[in-house]
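Residue numbers start from 1 in every chain, and the chains themselves are labelled A, B, ... in the order their sequence lines are given, proteins ahead of strands.
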Amino acid sequence: MRMSRLFGKTLRQTPAEAETPSHQLLLRAGLVHQVAAGVYAFLPLAWRTLQNIERIIREEMDAAGGQELMMPAIHPIELWQASGRDQAMKDILFRFSDKRDREFVLGPTHEEVIVELFKRNIRSYRDLPLLVYQIQQKFRDEPRPRGGLIRLRQFTMKDLYSFDTDFEGLDLSYRKMYEAYIRIFDRCGVPTIPVLADSGAMGGRDTHEFIYLTEYGEDTCLLCPKCGYAANADVAAFVKEPAHTAEEPKPIEEIPTPGLYTIQALADHLGIPTSKTCKAVFYSADGEPVFVAIRGDMDVNETKLSRALRTVDLHYMSEDEVVAAGFVPGSAGAVGLKGVRIIADDLLPREVNLVAGANKPDAHLLNVNYGRDWQADTLTDIALAVEGSLCSATSDKQGECRTPMDVRRGIEMGQVFKLGTFYAEKLGATYLDAEGKQRPAVMGSYGIGTERLLAAVVEANHDERGIIWPAEITPFQVHLVALQPERDEVGTAAEKLYGRLQTDGFAVLYDDRDETPGVKFNDADLLGMPLRVTVSPRTLEKGSLELKRRSEAESELVPLDEGPSRIKASLAS
RNA sequence: CGGGGCGUAGCGCAGUUCGGUAGCGCACUUGAAUGGGGUUCAAGAGGUCGCCGGUUCGAAUCCGGCCGCCCCGACCA
C-alpha cells in the first residue's frame, strides 16, 4: 500500500474526547472514527488489524473443533419473549417495528437463535457434542458507552455455543474454549488472566472472564498474591471475621444523635471504629423495598445481593422511595422494624454490641445484638471484598489461604460460561439419548469482542511515540520509508524494493509521500509496523538500506542486495 | 437515570464576563527553498459559532427550550 493513497490521516494533536491511551492512539493514527456514542467506523489500517484478529480467532476455534456459521442480527421479539430475556435485558435491547408493526430486536447476543437452529437440526446424542460459532455484529443500547472501543453499542463478537449430552461433556467443551482463549490472547499480544465471574443475565453456573489488567479497565478484580485466587469483585469471596468478640452482650440503650447521619460521623462522635456499627442500606428489589444491614465498615455487593434476592431489577433507593417506604434515613435500624423484608450480611450474628439506628429521627441504639434484638428474613454473604480482604480459597492441606488480596482494575477480553440446561429447557433444545429418552442439551457459551480486543492490543503494546503492533496482527509487516523519493536513485531503489517485497509475500506500507524525514519517521513510529526499512540518498551512498525494528531503539545498515533476506530474517525472529 | 464538564474550520484552542457581524496554531491548496526526527518563507481555500425560539437596530456573546459528546457513578455478556 502506498501511503500517498492510504485512506486515513494521522493527527498531530489528540482529539479532546479521548482519555485512555488506546483511544488516543487509535484516533491519532487515523484508525477509527466515531460516528455516534459507542458507534465507530474502522478505516483500512484498523480493518486489516481486525481481520487479522478474526483470523487468529477462527484458527483457534476451528482447531478446537468449532464450526463457523452465520446468524442474523435481526430477531423477532417472540424469540426473546420465549426466553424471558426481553425483560431481563430490556434496558439494552435495540427494538424496532417493521411496516406491518411486527416487533424486532437487534440481537445483543445469539443464544435464542442458536437454540432454534439446534432444534431444527439435532435429534440424537450421536450429533453431540456440537461446537458452533459465528463472528457477528451485536447491538446493545448500553447506558454508557466508554473508553473509545472498550464499550460499544454496535460491536463484533465471536460467540461460540457448545451443546453436550451431559455436564461432563460441558466440562470438556469448556476446557477446550478456556485453552483456546489463552492461545488467542497470547497470539494477539494481550496478557490476560482468567478470573471467576458472575453469570449475570445469561444464567448458568461456572463462568470465567479473561481479564487484561490495566488501570483503564472498568472491571474490578481481587487477586491473591499467594495462592492465585482471582475473582471479579462482583463475586469475590473473602474471610470475614468479627471485630469485637471478647465482649459480653450488654443491655440495649438509646442515645440522642442529632445531626449524625453517616456511619463515619456517628463513629467519630462516639469514639468507636466503624466496624462497631451496623449500617442500613435501602434497595428496591423489583419494586419491593428491602432493608439491607451490613457492618458499618463494609459495603454491599450488589451482585451478591441481587442473587440472594433472586431479583431482576435491583437498585439503590432514591430519597423519595426511602421516605415512601417509611424508612428513617440517617437513623434507620432493624430493631423493631416491621412489614419490610430484611436481609443481613452473615457476619452480623457474630458481632456483639453494635451501634445501629433507632428507627426514629436523631437517635441511635447502643449494644444491639443480632438474635436478641432483631432478626433478618435472609442471612447470607452480601459484602463487597476490598483491598486487603483475606483470601478464602481453600486447599486440602492448609484450609483457608487467608492472604490479604490485591485489588486491580481490568478489561474483560472474553468470557466463558457454563450455561447448563437453562436455555435448553426454556426453549426446548432436547435430544434423544441411547435409551431413546428425551433430554435437555447442556449448553455453554463463549464470547470475545474483537474491537475491544483491538483496543487492548494497543493499550498493551505502545510507547510514548505510538503503537507497536504484535507480529501476528499488524496491518502491515514492513513500513518502507523513502526519503526524497523524487530523487531518481532513491525513487528507483525504493520502488524496486517495494515490488520485490510484495512479490515475496510481505505486507508492505510504502511511504512514497513528499514529506520531510521527521514527518515520515514520526508517522512510522505512530503507526507502529514491526519493521521500518529506510531508503535514502545517505543509505544508497553506502549501497545499503536501514532496518529498524519498532520495538528497539537501534537501527542497522544492510547491503542493498541482502535487503529482502535480511528483512525476512528480521520479521521471523 | 444522578453528578460534573464540553459543543466556534478536519484536529487543538481563543473570543462569551462588557452584544457591533469571527480569529490563532496544526492540517489542507499553490509556489519556492530545505532534506535523517513533526524544516522555512510567501500566497490561498475552508466556518448554518450544536439546533430551535425569544430579546435587540444588531446575538458566537443575553434569555428560554431542546440535542449531541466526554468523564465519574448507577447499570451492563
Between B:G54 and B:C11, how far apart are the two P atoms, rounded to whole Å? 31 Å
Remember a base hit wins even if backbone is also touched, and classify A:Gly147 as base, sugar-phosphate or nothing at under 4.0 Å, heavy atoms. sugar-phosphate
Using a distance-only test with no angle check, is there a side-chain donor-acceptor pair under 3.5 angstrom linking A:Asp512 and A:Ser4? yes
Quick one: A:Ile150 CD1 to B:C72 P, roughly how many Å, whole number? 11 Å
Say we look at B:A9 and B:U48: how far apart would their C1' atoms be, to the nearest angstrom? 13 Å
Examine the base of B:C11 for any acceptor or donor lying under 3.5 Å from a partner atom in the side chain of A:Arg28, and report the outcome as yes or no. no
Watson-Crick or G-U wobble partner of B:G47, both distances under 3.5 Å: none
Quick one: do A:Glu54 and A:Arg58 make a salt bridge, cutoff under 4.0 Å? yes
5'-most by nearest nucleotide on RNA chain B - A:Pro517 or A:Leu11: A:Leu11
What is the distance from CD1 of A:Ile92 to C1' of B:C1, rounded to the nearest Å? 16 Å
Does anything in residues 542-550 of chain A reach RNA chain B, meaning a heavy atom under 4.0 Å, and if so which residues? A:Glu546
Would you kindly give the CG-to-C1' distance between A:Leu483 and B:U39, to the nearest whole Å? 14 Å
Looking at B:G37, which nucleotide sits across from it as a Watson-Crick or G-U wobble partner, both distances under 3.5 angstrom, or is there none? none
Which is true for A:Thr207 with a 4.0 Å heavy-atom rule: it touches a base, it touches only sugar-phosphate, or it touches nothing? nothing
Is B:G53 paired to anything, Watson-Crick or G-U wobble with both distances less than 3.5 Å, and if yes, which nucleotide? B:C63
Mind checking if A:Asp523 touches a base, just sugar-phosphate, or nothing, with heavy atoms under 4.0 Å? base
Going by purine N1 to pyrimidine N3 plus the second Watson-Crick contact, or the G-U wobble pair, all under 3.5 Å, which nucleotide sits opposite B:C26? B:G10
So, for A:Ser445 and A:Leu419, which heavy atoms are closest and what is the spacing to 0.1 Å? CB-CD1, 3.8 Å
Could you measure between the two P atoms, the one in B:G12 and the one in B:G73, and give it in whole Å? 24 Å
Determine the interatomic distance between C1' on B:U29 and the same-named atom on B:A45; round to the nearest Å. 7 Å
Looking at every non-hydrogen atom in both residues, tell me the closest pair between A:Pro191 and A:Tyr212 and how far apart they are. O-CD1, 3.3 Å
Taking any heavy-atom pair under 4.0 Å as a contact, classify A:Asp91: base, sugar-phosphate, or nothing. nothing
Can you check the A:Glu218 CD to B:C70 P distance for me, whole Å? 14 Å
Rounding to an integer number of angstrom, what distance separates B:A14 and B:A22 when you compare their C1' atoms? 11 Å
To the nearest angstrom, how far is A:Leu526 atom CG from B:G37 atom C1'? 14 Å
Quick one: label A:Phe155 by what it contacts on the DNA or RNA (base, sugar-phosphate, nothing), any heavy atom closer than 4.0 Å. base
Report which part of the nucleic acid A:Ala16 touches: base, sugar-phosphate, or nothing (heavy-atom distance under 4.0 Å, all strands). sugar-phosphate
Return the value, rounded to whole Å, for the distance between atom CD of A:Glu19 and atom P of B:C71. 6 Å
Mark yes or no: A:Lys138 above the aromatic ring of A:Phe155, with NZ or CZ under 6.0 Å from the six-membered ring centre and no more than 45 degrees from the axis. no
Option from A:Arg465, A:Arg12, A:Arg513, A:Arg532 for which salt bridge (Lys or Arg N to Asp or Glu O under 4.0 Å) with A:Asp523 holds: A:Arg513
What about the rings of A:Phe291 and A:Tyr283, do their centers lie closer together than 6.0 Å? no
Are the charged groups of A:Asp299 and A:Lys279 less than 4.0 angstrom apart, N to O? yes
Verify the ring-centre separation between A:His208 and A:Tyr178: is it less than 6.0 angstrom? yes
When you measure from the side chain of A:Arg409 to the backbone of A:Gly217, do you find a donor-acceptor pair of N or O atoms at a distance under 3.5 Å? yes
Could you check whether any side-chain N or O of A:His110 sits under 3.5 Å from a backbone N or O of A:Val115, counting only pairs where one atom can act as donor and the other as acceptor? no
Quick one: is A:Arg144 getting a side-chain N or O under 4.0 Å of the B:A74 phosphate, OP1 or OP2? no
Between A:Pro108 and A:Arg513, which is nearer to the 5' end of RNA chain B once each is assigned its nearest nucleotide? A:Arg513
Does the ring center of A:Tyr446 lie less than 6.0 Å from the ring center of A:Phe417? no
Within this structure, what is the CD-to-P distance between A:Glu541 and B:G36, rounded to whole angstrom? 11 Å
Heavy atoms from C-beta onward define the side chain here; which of B:G12, B:C70, B:G35 lies closest to that of A:Gln484? B:G35
Can you confirm whether or not the ring centre of A:Phe118 sits under 6.0 Å from the ring centre of A:Phe163? yes
Kindly say whether A:Ala233 contributes a backbone atom to a donor-acceptor pair with the side chain of A:Asn301 at under 3.5 angstrom? yes
In whole angstrom, give me the gap between the P atoms of B:G50 and B:U8. 6 Å
The contact string for nucleotides 3-9 of chain B, one letter per nucleotide 5' to 3', using protein heavy atoms under 4.0 Å with B, S and - for base, sugar-phosphate only and none, comes out as -------
Can you tell me how far P of B:G37 sits from CZ of A:Arg532, to the nearest Å? 11 Å
Classify the nucleic acid contact of A:Arg465 as base, sugar-phosphate or nothing, counting any heavy atom under 4.0 Å across all strands shown. base
Nucleotide forming a Watson-Crick or wobble pair with B:C69, both distances under 3.5 Å: B:G5
Between A:Arg408 and A:Glu387, does any side-chain N to carboxylate O distance fall below 4.0 Å? no
Strictly under 3.5 Å: I want the nitrogen or oxygen pairs between protein and nucleotides 25-34 of chain B, one per line.
| unit_1 | atom_1 | unit_2 | atom_2 | d |
| --- | --- | --- | --- | --- |
| B:G25 | N2 | A:Gln13 | OE1 | 2.7 |
| B:A27 | OP1 | A:Arg12 | NH2 | 3.0 |
| B:A27 | O2' | A:Lys9 | NZ | 3.4 |

Base, sugar-phosphate or nothing for A:Pro15? Non-hydrogen atoms, less than 4.0 Å. sugar-phosphate
Name the nucleic acid region contacted by A:Arg146, choosing base, sugar-phosphate or nothing; use a 4.0 angstrom heavy-atom cut-off, strictly under. base
